[in-house]
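This report concerns only the one structure given below.
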Protein chains: 2
Amino acid sequence: MTAPLHEAHPDGPGRPSHEARPAGPGRALPDTQQGMRRRNLARVMHAVSAEGPLSRAAVASHIGLTRAAVSTLVDELIRSGLLEELGPERPGRVGRPGSALAVSGHGPAGIGAEVGVDHLAVCAVDLRGQVRAKAVRHGANRGRSPGPVVEELTELVRQVVGEAEREGLWPAGLAVAVPGLVARDARTVVRAPNLDWHDTDLGALLPTDFPLTVDNEANFGALAELWLGKDAPLDFLHVSAEIGIGAAVVVAGGLLRGTRGFAGELGHVPVRPDGPECACGGRGCLEQYAGEEAVLRAAGLEPGEDRVGLLADRAAEGDEDVRRALHDAGTALGIALTGAVNLLDPESVVLGGALAGLAPWLLPSLEAELDRRTAGPACPVSVSRLGSEGPLLGAAHSVVRAVLDDPAAVAGRA
Amino acid sequence: MTAPLHEAHPDGPGRPSHEARPAGPGRALPDTQQGMRRRNLARVMHAVSAEGPLSRAAVASHIGLTRAAVSTLVDELIRSGLLEELGPERPGRVGRPGSALAVSGHGPAGIGAEVGVDHLAVCAVDLRGQVRAKAVRHGANRGRSPGPVVEELTELVRQVVGEAEREGLWPAGLAVAVPGLVARDARTVVRAPNLDWHDTDLGALLPTDFPLTVDNEANFGALAELWLGKDAPLDFLHVSAEIGIGAAVVVAGGLLRGTRGFAGELGHVPVRPDGPECACGGRGCLEQYAGEEAVLRAAGLEPGEDRVGLLADRAAEGDEDVRRALHDAGTALGIALTGAVNLLDPESVVLGGALAGLAPWLLPSLEAELDRRTAGPACPVSVSRLGSEGPLLGAAHSVVRAVLDDPAAVAGRA
DNA sequence: ACTATTTCGTCATGGCGGTTTACAAATTAG
DNA sequence: CTAATTTGTAAACCGCCATGACGAAATAGT
C-alpha cells in the first residue's frame with residue numbers, strides 16, 4: 001500500500017561545539033546522501049505542518065530547495081501517506097494556482113497517556129495535531145502497585161487505539177507522562193512519591209507493538225506549551241505542581257534533561273536554608289512552603305481528594321487563611337524562581353499544571369518577589385492556557401513530532 | 001597557494017525538536033550537497049584533532065565514511081593547509097601501514113585575549129592546541145575608560161600576531177574574555193562592574209582584519225575546561241569568581257547563554273532571602289556571602305591589589321578569621337549550588353578562576369552543604385586544573401574550534 | 001475576447017558526492 | 001618466499017539536488 005522510504009538507521013554521536021544550537025529535524029543523521037534526503041523529507045513535513053496548507057512552490061521557498069527537488073520529496077511523502085494533496089488553491093494572485101498540500105489526517109497517530117495521582121488518561125493525536133480519540137478513568141492511584149494501574153492503562157490504550165484505527169489512523173508510538181523522576185532510558189520511573197513507585201520499568205509492564213517513551217509530566221507539559229502555545233518562546237521555564245513541584249527547562253527549543261534525567265527539581269531548591277527539614281535531607285526547600293501539603297496545612301485544610309480545586313474555591317470565596325497561604329507560597333516560589341532566572345536567563349516563566357488554576361492568588365506575591373530581586377526588567381511570568389491538559393497533549397504530540405522529525409523512519413511501518 | 005574549498009554560506013535556522021542534542025561540527029549548514037561536503041570536512045578535522053595522528057582508514061572508520069571518500073576530503077584539507085601528512089606509521093600490526101595525518105601546525109591560529117581587573121593578556125594557539133605566542137601586561141584597569149585599555153590590548157594583539165606570523169601561522173580570529181556581562185551579539189559589554197564599563201561596543205573599538213568574538217570570562221573558562229580537561233563531562237557547571245561570582249552552564253557540550261546572554265548569574269541567586277540588601281535590588285544574594293568584598297570584610301582585611309592571593313596566603317598560614325570567612329563563603333556557595341544542581345542535574349561542578357586557588361578552604365563546607373541537602377549521591381565538585389589560565393585559553397581555543405567546525409569557511413582566507 | 005505576463009508543477013540534463021569494486025603497495029605470519 | 005592482511009587510490013556507478021525548458025492555469029492589459 002504505502003511505499004517504504006528508507007531503512008532504519010543508527011544515530012551517529014555528535015561532537016561538541018561551543019554553542020548550544022537548537023535541535024533540528026533529524027540532525028543526528030549520517031552525512032551521506034541518504035541522510036540528506038531524510039533531513040529534507042523532515043524539513044518538508046515541518047514546513048507543511050507549521051505553516052498550514054502550502055503549495056510545493058511555497059514549501060520550496062520556505063526550506064530553500066528548488067521546486068523540482070521538493071516535488072520529488074512530496075511525491076515520496078504522499079506515497080507514504082504522510083502528506084495529502086488537497087487540490088488547487090483558489091488565489092487572488094496572478095499565475096497558475098498551486099496545489100495545496102497538508103499533513104495527512106489518516107496516517108500515523110501519536111498515542112499519549114498520563115498516569116495522574118487520581119486519574120488515568122489516554123488520547124490519540126493525528127499528524128495535524130487534532131485529538132481524534134480520548135479515554136479517561138478516574139480513581140485514586142496513590143499507593144496502588146504499578147501492575148494493576150498499568151494494566152488498567154493498557155486497557156485504555158487499547159480502547160483509544162481501536163477508536164483511532166476506526167478513523168483510519170495507526171499508532172506510531174506511545175508516550176506516557178508520569179508524576180515523578182524518569183531515568184534517561186525513558187522507560188524507568190525512578191521515583192514517583194505521589195504514587196509510591198520506585199524503580200519501576202514501565203517498558204516491561206507495557207508491552208506494545210510500537211515504540212514507548214516515558215517522561216516526567218512537567219517535561220511533557222513544557223513541550224505542550226512549546227508546541228501548542230502561540231508564539232511560545234524557545235527558552236523558558238515551565239513550573240508545574242502536583243504535590244511535588246517540578247519544573248522543566250526548555251533551552252533553544254529543546255528539553256534540558258540533565259545527566260541522570262533529573263533536571264528541573266525545583267521543589268528542592270533551598271528557599272530558607274535554615275527552614276524546616278525536608279524528606280530530601282535539606283532544609284527549607286521550596287516544597288516546604290509551596291508544596292501542596294504545606295499549603296493545605298498553612299490554610300488549615302485537611303488532605304483529601306481534589307485539594308487544588310478546594311483551594312481555588314475557597315480562595316475565590318475570599319477565605320483569608322487560604323489566601324494568605326497562597327500568598328506565602330507565591331513568595332517562596334518567587335524566591336526560588338529568582339535563583340533559577342538568574343541562572344538560566346529564560347525568556348519567560350510559565351506556570352502550568354495545578355499552579356495554573358491557583359495563579360490568580362499566587363501571581364501577585366510571586367511577581368512582586370521576582371521583580372524586587374531583579375536588577376533590570378524582571379522575567380515575565382505567564383500562565384499556561386493548557387492547564388491540566390498539558391502533559392497528556394505534550395505526550396501525544398511528542399510522538400507526532402518524532403514522526404515529523406524523521407518521516408522516513410516511520411513510513412515503512414504503515 | 002592554498003586551494004579554496006567553498007564560499008561562505010548563510011546559516012539556516014533549525015527547527016525545534018523535543019530533545020536538546022549536542023551541538024556538532026557544522027550542524028547549521030544547509031542540507032545540500034555542498035553543505036554535506038562541508039560537514040564531512042569538519043568531521044575529518046574533528047576526528048584527527050581529537051584522536052591524535054590518524055591514517056585515512058582510521059578516520060574513515062571513526063566518522064563512518066568510506067576510505068575513498070575520506071581520501072578526497074583529506075586531499076582537500078591538505079591542499080588548504082589545514083592537515084599535514086606526517087609520513088608512514090610504524091605499526092606492529094599486520095598489513096600495509098597507513099600514512100599518519102595530523103592537524104597542521106602552520107595554518108590558522110586562534111588569538112585569545114583577556115581583559116582582567118589588573119592585567120591584560122593575549123595568546124595565539126595553533127590548530128594543534130599549542131600556545132605559540134603570548135604577551136601579558138600587568139597594571140590595574142579598574143575604572144579606566146575602555147578606550148585606552150583597548151588600545152593597549154590592540155598593541156598586545158599586534159605583538160602576538162606578529163610573533164605568530166613569524167612562526168608561519170596566520171590569525172583566523174580574535175576572541176576576547178571580559179569580566180562582565182556580554183550581549184548576545186558577542187561584541188557589546190553590557191555591564192562590567194569591576195571595570196566600570198557599561199554598554200561598550202568592543203567591536204567598534206577593536207578594529208581587526210579577522211572575526212571578533214567577545215564573551216564572559218566564566219564562559220570561556222568553562223569552554224577551556226570542556227575542551228582541555230581530560231575526559232571532561234558534557235554537562236557541568238563552571239563556577240568562577242573575580243569580585244562578582246559568575247557561572248557558566250554547559251549542556252550537552254555547548255554553552256547555555258540565555259535569551260539575553262546573561263545566563264549563569266550565580267552571584268545573585270538568593271541564599272538567605274532576608275539577608276542584607278544587594279546592589280541588584282535583592283536581599284541575601286550569594287555575592288553578599290561569597291563575593292570577594294564580603295569575604296575580605298568578614299576576614300577583617302582591606303580591599304587592595306591581589307586580594308585573592310592574600311586570602312590564600314593568610315589561610316595557609318592558619319589565620320582563623322580568614323579560614324572562618326572562607327568556610328562561611330563555602331557554605332553559602334553550597335546552598336546556592338544545591339539549587340543549581342537540583343535545577344540542572346549536571347554531571348559535576350567545577351570551581352575555576354579565583355575560586356580554584358581558595359578551594360582547599362572552601363571545599364569542605366561547600367561539599368558538606370551540598371551533600372547534606374541532596375537526597376541521593378551528591379554532585380561531585382572538582383577544581384579546575386587550568387585556574388586563572390582558563391579564560392585566556394578558552395578564548396583562543398574557541399577560535400580554533402570554529403575552524404575545526406567549518407574548515408571550508410576558513411580555507412579560502414589563508 | 002484575446003494576448004501578454006506570471007506562477008506552478010514537471011521533465012530532461014548535468015554536476016557533485018559518497019559508494020562500490022578492483023587493484024597495486026606495503027607490511028606481518030608461517 | 002608465499003599467503004594473508006591492511007592501506008590508499010582509481011574507475012564505474014548511483015542517488016540527490018540544481019538548472020533550464022516546457023506546458024498548464026491563473027491574472028492583467030488592450
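Residue numbers start from 1 in every chain, and the chains themselves are labelled A, B, ... in the order their sequence lines are given, proteins ahead of strands.
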Exercise. Salt-bridged, B/Arg132 to B/Glu165, with N to O below 4.0 Å?
Worked result: no

Problem set entry | Contact nearer the 5' end of DNA chain D, comparing B/Val94 with B/Asp75 | B/Val94

Problem set entry | Residues which pass side-chain contact (heavy atoms from CB on, under 4.5 Å) with A/Ser71, listed by chain and number, not counting sequence neighbours | A/Arg56

Exercise. In whole Å, what is the span from the CD atom of B/Gln33 to the C1' atom of D/dC14?
Worked result: 12 Å

Exercise. Minimum heavy-atom separation for B/Ala124 to B/Ile111, with atom names?
Worked result: CB-CD1, 3.8 Å

Seminar exercise, completed: Closest to the side chain of B/Thr66, out of D/dT7, C/dG17, C/dT20, is C/dT20

For this session: Strictly below 4.0 Å, heavy-atom distances to any atom of DNA chain C: list the hits from residues 67-74 of chain B, or just say none.
Result: B/Ala68, B/Ala69

For this session: Examine the base of C/dG15 for any acceptor or donor lying under 3.5 Å from a partner atom in the side chain of B/Gln34, and report the outcome as yes or no.
Result: no

Problem set entry | Qualifying residue for side chain to side chain contact (heavy atoms under 4.5 Å, CB included) with A/Asn40, from A/Ile63, A/Leu73, A/Thr72 | A/Leu73

Exercise. What is the distance, rounded to the nearest whole Å, between atom CD of B/Glu76 and atom C1' of C/dC16?
Worked result: 12 Å

Problem set entry | B/Leu65 versus A/Asp31, closest heavy-atom pair with distance | CD2-O, 4.3 Å

Exercise. Is there a donor and acceptor pair closer than 3.5 Å between the side chain of B/Arg96 and the base of D/dT7?
Worked result: yes

For this session: Could you state the atom-to-atom distance from CG of B/Leu65 to P of D/dG15 in whole Å?
Result: 18 Å

Problem set entry | Between A/Asp126 and A/His106, a side-chain donor and acceptor under 3.5 Å | no

Exercise. Rounding to a whole Å, what distance do you find between A/Asn40:CG and D/dA18:P?
Worked result: 8 Å

For this session: In whole angstrom, give the distance that lies between atom CZ of A/Arg37 and atom P of D/dC14.
Result: 18 Å

Exercise. To the nearest Å, how far apart are A/Leu101 CG and C/dC8 C1'?
Worked result: 12 Å

Exercise. When the distance from CG of B/Leu41 to C1' of C/dG18 is rounded to whole Å, what number comes out?
Worked result: 13 Å

Exercise. Looking at A/Leu169, A/Val399, A/Leu82, A/Val400, which one forms a side chain to side chain contact (heavy atoms under 4.5 Å, CB included) with A/Pro108?
Worked result: A/Leu82

Seminar exercise, completed: B/Met36 CE to D/dC17 C1', in whole Å, measures 10 Å

